[in-house]
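Down below is the structure, laid out as structure tokens.
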Amino acid sequence: MRIDLNADVGEECGDDTALIPLLTSANVCCGVHAGGPETMRRTVALCLKHAVTIGAHFSYPDREHFGRRELDIPASELRHSVLEQLRALDCIARSAGTEVHYLKAHGALYNRMARDPAVADAVISAMDAFGPKLPLLTLPGSVAMQRAEAAGIVAVGEAFADRGYQDDGQLQPRDMPGALLTDAGEVTSRALAWVRGGLMQSVSGRAFGLEARSLCVHGDTPGAVEMAAALRAVLADAGVELKAFA
């Protein structure tokens, strides 16, 4: 079995120097919800140094709330913002001799795309305008996955190691109990159970099927580095090959 281990990086709130070498894919912040051009350059350089696949981590234009607040903005404005973010990271990556291999929304935009066809379509339109049909990393079974596949875009399912799930497979809102997991033992045991049986446990204790090819740790989660290291060790012991999906 092969699993990709990804994390959100370049957000100036985690230890990217220690975290990135543990990953197979890195969701590099495009400088809108956090970071900026210099941070993007440093993050891309770290990914190159450690042979980690680069993905563009785009967001609502909302630095004040770290991209974790939904914005009701016109589809044309959202499309333009996403397209500019993708182009900005692509330019930096190419100047470093590499390129962006996949795309992933951040925070509130990720969750909104998972249920709102109009928002998903606006983002997919930006992806089309960007150029090559790069894979979209997203929530399994979501509206975003369905709309991307309908547009001829490969949609890759993602599981979250450090986030709680509701019974329907949606992520538990961050302002509710159980939304964030910080105990490495709990995180690794839940991830191992999912790898072995394809079932993820919700915050209520219900097990549900979750089909995904990538496992995510958030770079700003307390103990993210230790968590990623523990996940690598547990998955390796279980015979899982860690390999980038893109």
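All residue numbers refer to positions in the sequence shown, counting from 1.
The cluster map of Ile, Leu, Val, Met, Phe, Trp and Tyr, joined by side-chain heavy atoms under 4.5 Å apart, puts Ile124 and Tyr60 in the same cluster. No continuous path of hydrophobic side-chain contacts links Met127 to Met145 [ILVMFWY only; heavy atoms under 4.5 Å]. No path of Ile, Leu, Val, Met, Phe, Trp and Tyr side chains, each step under 4.5 Å between heavy atoms, connects Met113 with Val143, placing them in separate hydrophobic clusters. With hydrophobic clusters built from ILVMFWY side chains whose heavy atoms lie under 4.5 angstrom apart, Leu137 does not share a cluster with Val217. Under the 4.5 Å side-chain heavy-atom criterion for grouping Ile, Leu, Val, Met, Phe, Trp and Tyr, Phe58 is connected to Val119 within one hydrophobic cluster.
Salt-bridge annotation for Glu70 and Arg115: present, with a side-chain N of the basic residue lying under 4.0 Å from a carboxylate O of the acidic one. Between Arg69 and Asp62 a salt bridge is recorded (basic side-chain N to carboxylate O distance below 4.0 Å). Salt-bridge check for Arg42 with Asp16: failed, with every basic side-chain N at 4.0 Å or more from each acidic carboxylate O. A salt bridge links Asp72 to Arg112: at least one charged side-chain nitrogen sits closer than 4.0 Å to a carboxylate oxygen. At a threshold of 4.0 Å, the pair Lys104-Asp8 counts as salt-bridged, since one of the basic side-chain nitrogens sits closer than that to a carboxylate oxygen.
Note: Asp116 CG to Asn111 CG = 12.0 Å, rounded to the nearest 0.5 Å. With rounding to the nearest 0.5 Å, the separation of OG1 in Thr24 from CD1 in Ile3 is 9.5 Å. For the atom pair CG (Leu19) and CG (Asp220), the distance works out to 10.5 Å, reported to the nearest 0.5 Å. In this structure, the separation between CZ on Arg41 and CD1 on Ile92 is 5.0 Å, given to the nearest 0.5 Å. Note that OG1 of Thr188 is 8.0 Å distant from CG of Asp183, once rounded to the nearest 0.5 Å. For the atom pair CG of Leu199 and CZ of Arg190, the computed distance is 12.5 Å after rounding to the nearest 0.5 Å.
No donor-acceptor pair closer than 3.5 Å links the side chain of Ser214 to the backbone N or O of Glu158. Listed for the Arg147 side chain is no donor-acceptor partner under 3.5 Å among the backbone atoms of Asp121. Under a 3.5 Å cut-off, the side chain of Glu186 and the backbone N or O of Leu181 do not form any donor-acceptor pair.
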Next on the checklist: side chain to side chain contact (heavy atoms under 4.5 Å, CB included), that's the test. Do Lys133 and Asp128 meet it? Break it down for me.
Outcome noted: CA-CA 7 Å; Lys133 288 185 180 293; Asp128 281 336; 3.0 Å; yes

Next on the checklist: Go through it in stages, so that I can follow the logic: the residues are Met227 and Thr221, the test is side chain to side chain contact (heavy atoms under 4.5 Å, CB included), and I'd like the CA-CA distance, side-chain angles, deciding distance and then a yes or no.
Outcome noted: CA-CA 9 Å; Met227 198 179 296; Thr221 295; 3.9 Å; yes

Item to check | Derivation of the side chain to side chain contact (heavy atoms under 4.5 Å, CB included) call for Leu109 and Leu78 | outcome: CA-CA 10 Å; Leu109 183 55; Leu78 177 60; 4.2 Å; yes

Item to check | Working for side chain to side chain contact (heavy atoms under 4.5 Å, CB included), residues Val100 and Leu86 | outcome: CA-CA 9 Å; Val100 173; Leu86 300 182; over 6 Å; no

Item to check | Test log, rule side chain to side chain donor-acceptor pair (under 3.5 Å), inputs Ser81 and Gln85 | outcome: CA-CA 6 Å; Ser81 175; Gln85 292 177 62; 3.1 Å; yes

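Residues Leu136 and Val123 fail the side-chain proximity criterion, which asks for heavy atoms closer than 4.5 Å. In this structure, the side chains of Gln201 and Arg206 stay at 4.5 Å or more apart for every pair of heavy atoms. The shortest distance between side-chain heavy atoms of Arg68 and Ser59 does not fall below 4.5 Å. Taking the side chain as every heavy atom from C-beta outward, Asn6 and Leu23 never approach each other to under 4.5 Å. Side chains of Leu235 and Met1 form no contact here, defined as non-hydrogen atoms less than 4.5 Å apart. The shortest distance between side-chain heavy atoms of Gln166 and Ser202 does not fall below 4.5 Å. In this structure, the side chains of Val156 and Thr138 stay at 4.5 Å or more apart for every pair of heavy atoms. Under the 4.5 Å side-chain criterion, counting only non-hydrogen atoms from C-beta, Phe245 is not in contact with Thr53.
Few gaps surround CD on Glu38; more than 12 heavy atoms of other groups in view lie less than 6.0 Å from it. Heavy-atom contacts from other residues, nucleotides or ligands closer than 6.0 Å to NE2 of His101 number more than 12.
The two residues Asp162 and Cys216 come nearest to each other via the heavy atoms OD1-O, 3.7 Å. Closest approach of Leu83 to Ala126, counting heavy atoms only: CD1-O, 3.6 Å. Annotation for Gly10 and Cys29: closest pair O-CB, 3.4 Å, computed over non-hydrogen atoms. Heavy-atom minimum distance, Asp4 versus Ser25: OD1-OG, 2.7 Å. Heavy atoms only, all atoms of each residue included: Leu5 and Leu22 are closest at CD2-O, 3.5 Å. Taking every heavy atom of both residues into account, Val44 and Ala96 meet most closely at CG1-CB, 3.9 Å.
Arg79 is linked by a side chain to side chain donor-acceptor pair (under 3.5 Å) to Ser125, counting only residues two or more places apart in sequence or in another chain. For the salt bridge (charged side-chain N to carboxylate O under 4.0 Å, His left out) test, no residue two or more places apart in sequence or in another chain qualifies with Asp167. Qualifying ring pair (Phe, Tyr, Trp, His ring centres under 6.0 Å) partners for Phe160, counting only residues two or more places apart in sequence or in other chains: Tyr110, His218. Looking at residues two or more places apart in sequence or on another chain, you find a ring pair (Phe, Tyr, Trp, His ring centres under 6.0 Å) between Tyr165 and Phe208.
Listed by first and then second residue, the ring pair (Phe, Tyr, Trp, His ring centres under 6.0 Å) pairs involving residues 132-159 amount to none (not counting sequence neighbours). Applying the side chain to side chain donor-acceptor pair (under 3.5 Å) test to residues at least two apart or on different chains, the pairs with a partner in residues 226-246 are Arg2-Glu241.
Ring geometry for His33 versus His106: interplanar angle under 30°, hence parallel rather than tilted (30 to 60°).
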